[in-house]
Amino acid sequence: MEDALLAYNAGRVDALEGRRDAGRAEHPETGRDYRRGFLDARIEVVNMHAGLRRMLGDDESGL
């Protein structure tokens, strides 16, 4: 369980830093957790940018 949480967090950190570790993503035991963390963080970034655009009145993105 701890390995899964560490992989998930590593995926989130990598996504927020704008990089992806292909080795971790393809790891047979924790790759799924890494990819899930990566995706969750990328979704947060997209939502944050959409919210910022709305606040600034520049919401032509359709989000």
Side-chain angles (χ1 to χ4, degrees):
M1 177 71 154
E2 184 176 338
D3 289 341
L5 292 174
L6 290 172
Y8 178 86
N9 188 57
R12 287 181 51 78
V13 169
D14 285 355
L16 294 173
E17 291 179 356
R19 61 184 172 90
R20 183 175 184 263
D21 185 331
R24 280 184 156 166
E26 298 303 321
H27 189 276
E29 294 178 17
T30 58
R32 178 183 300 168
D33 301 303
Y34 176 87
R35 291 189 306 269
R36 189 168 288 149
F38 188 90
L39 180 60
D40 284 351
R42 296 306 296 166
I43 290 170
E44 286 181 34
V45 168
V46 168
N47 288 334
M48 181 183 64
H49 285 156
L52 184 59
R53 280 192 226 90
R54 281 191 298 273
M55 285 175 27
L56 296 174
D58 185 27
D59 189 22
E60 295 179 23
S61 65
L63 295 178

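Predicted, not measured: the structure shown is a model, and the values here were computed from it.
Residue Y34 comes nearest to D14 through the heavy atom pair OH-OD2, 2.6 Å, listed as atom of the first residue, atom of the second, then distance. For the residue pair R20 and A25, the shortest heavy atom distance occurs at NH2-CB, 3.2 Å.
Separation of atoms CZ (R32) and CD (E26) is listed at 12.0 Å; rounding is to 0.5 Å. To the nearest 0.5 Å, the span separating CG on D33 from CZ on R24 amounts to 12.0 Å. Taken from CZ in R35 to CG in D21, the straight-line distance is 12.0 Å, to the nearest 0.5 Å. A distance of 11.5 Å separates CG in L5 from OG1 in T30, rounded to the nearest 0.5 Å.
Atom CZ of R36 sits in a sparse spot, with 12 or fewer heavy atoms from other residues, nucleotides or ligands closer than 6.0 Å. Applying the 6.0 Å contact sphere to CD of E29 captures no more than 12 heavy atoms from other residues, nucleotides or ligands.
With hydrogens and angles ignored, the 3.5 Å screen pairs no side-chain donor or acceptor of R12 with any backbone N or O of G37.
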